[in-house]
Amino acid sequence: MEIFGVDIGGSGIKGAPVDLDRGVLAEERYKVLTPQPSEPEAVVDAVRQVVDKFQWKGPIGITFPGVVVDGRTLTAANVDQGWIGQDARALFAAATGCKTAVVNDADAAGIAEVAFGAARGRKGVVLLLTLGTGIGSALFTDGVLVPNTELGHLELHGKDAEKHASSGARERHEWSWKHWAEHLDDYFGMVDALFSPQLIVVGGGVSRKHDKFLPLLKPLRAEIVPAELQNDAGIVGAAMAARSLAL
Ligand code: BGC
């Protein structure tokens, strides 16, 4: 079965039809720049452009970088504040004419990694952390997701943890890999102690460069591995979240 997935990120909005049996993109993805400011109207229009490019009429799943409950976007840490309290599902459905599901971006990446990637077949507590502009989290027990865990906003040294340990923070402050790894030690040490996951999967764009920082980290109780789907995890997971709409 194919469903369309869209991933709304800080710099780009990417989408493609997804082959849900194999967990891969069925066609090359199409990307438009994320509008700045990332106000709802402009972002909805950008998503419509991506969907229109494929003349897609079936169900679509869309990621959002904030808390999403029942299609409503409830927080907006790294996007325009106008998203808070919006019925995002209704906005996207009206603009595209498609049945729509909206899901937190890290939750989407997590369900894709559990089904098709680094956490495939793993029992027990699994935690996916995406290191990007912010830090996203997806928490699973025996493959079942607890949505919207928002562990990037745990407090670390008196600050939001994502200000201390995200890939965005590393870029902004021009930290070396070694210096950033020390910040990651603090953060991963905290989540390891609080949740005792058996496995931590590290995602986000920077996971492509995992050999630059994962080997520098202090050992944890949890096993720590890079994500496998990398750039496509959000799109694949978004489509998976919309699967029930096709039935
Ligand atoms: C948001 C999360 C999101 C993460 C990654 C955080 O600032 O609060 O909802 O998953 O960034 O985009």
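FYI, the numbering just counts along the sequence from 1. Indexing begins at 1, ligand by ligand and atom by atom, following the structure's order. Atom set for the values below is all heavy atoms of this structure, side chains included, hydrogens, waters and symmetry mates excluded.
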- Item | Counterpart residues, salt bridge (charged side-chain N to carboxylate O under 4.0 Å, His left out), relative to Asp211 (two or more places apart) | none
- Query: Does ligand 1 have a heavy atom under 4.0 Å from the side chain of Ala77, from its backbone, from both, or from neither?
  - Reply: side chain
- Query: Any idea which atoms of ligand 1 are less than 4.0 Å away from a heavy-atom of His153?
  - Reply: 1 (C), 6 (C), 7 (O), 8 (O)
- atom 9 (O) of ligand 1 sits nearest the protein heavy atom Glu150 OE2, 2.4 Å
- Under 4.5 Å between any side-chain heavy atoms of Val126 and Pro197, yes or no? no
- Under a 4.0 Å heavy-atom limit, does Ile135 contact ligand 1 with its side chain, its backbone, both, or neither? backbone
- Task: Check whether any N or O atom of Thr75, backbone or side chain, sits under 3.5 Å from an N or O atom of ligand 1, and answer yes or no.
- Result: no
- Message: Looking only at side-chain N and O atoms, does Asn78 offer a donor or acceptor that is under 3.5 Å from a partner on Thr133?
- Response: no
- Message: So, 4.0 Å and heavy atoms of Gly66: is ligand 1 close enough to count as a contact?
- Response: yes
- Distance only, no hydrogens: is a donor on one side chain within 3.5 Å (strictly under) of an acceptor on the other, for Ser137 and Thr149? yes
- So which residues get pulled into Val69's cluster when ILVMFWY side chains under 4.5 Å apart are joined, directly or through others? Val67, Leu74
- For atom 3 (C) of ligand 1, what's the nearest protein heavy atom and its distance? Asp105 OD1, 3.3 Å
- Does at least one non-hydrogen atom of Asn148 fall below 4.0 angstrom from an atom of ligand 1? no
- Glu162 heavy atoms, cut-off 4.0 Å: which ligand 1 atoms fall inside? 6 (C), 7 (O), 11 (O)
- List the steps and the verdict of salt bridge (charged side-chain N to carboxylate O under 4.0 Å, His left out) for Arg122 and Asp142. CA-CA 7 Å; Arg122 294 293 294 247; Asp142 287 343; over 6 Å; no
- Assess whether atom CD of Glu223 is packed by more than 12 heavy atoms of other residues, nucleotides or ligands within 6.0 Å. yes
- Message: Distance under 4.0 Å to a non-hydrogen atom of Gly136: what atoms of ligand 1 satisfy this?
- Response: 4 (C), 5 (C), 10 (O)
- Item | Glu174 atom CD, over 12 foreign heavy atoms within 6.0 Å | no
- Please identify which atoms of ligand 1 are closer than 4.0 Å to at least one heavy atom of Asn104. 2 (C), 3 (C), 9 (O), 10 (O)
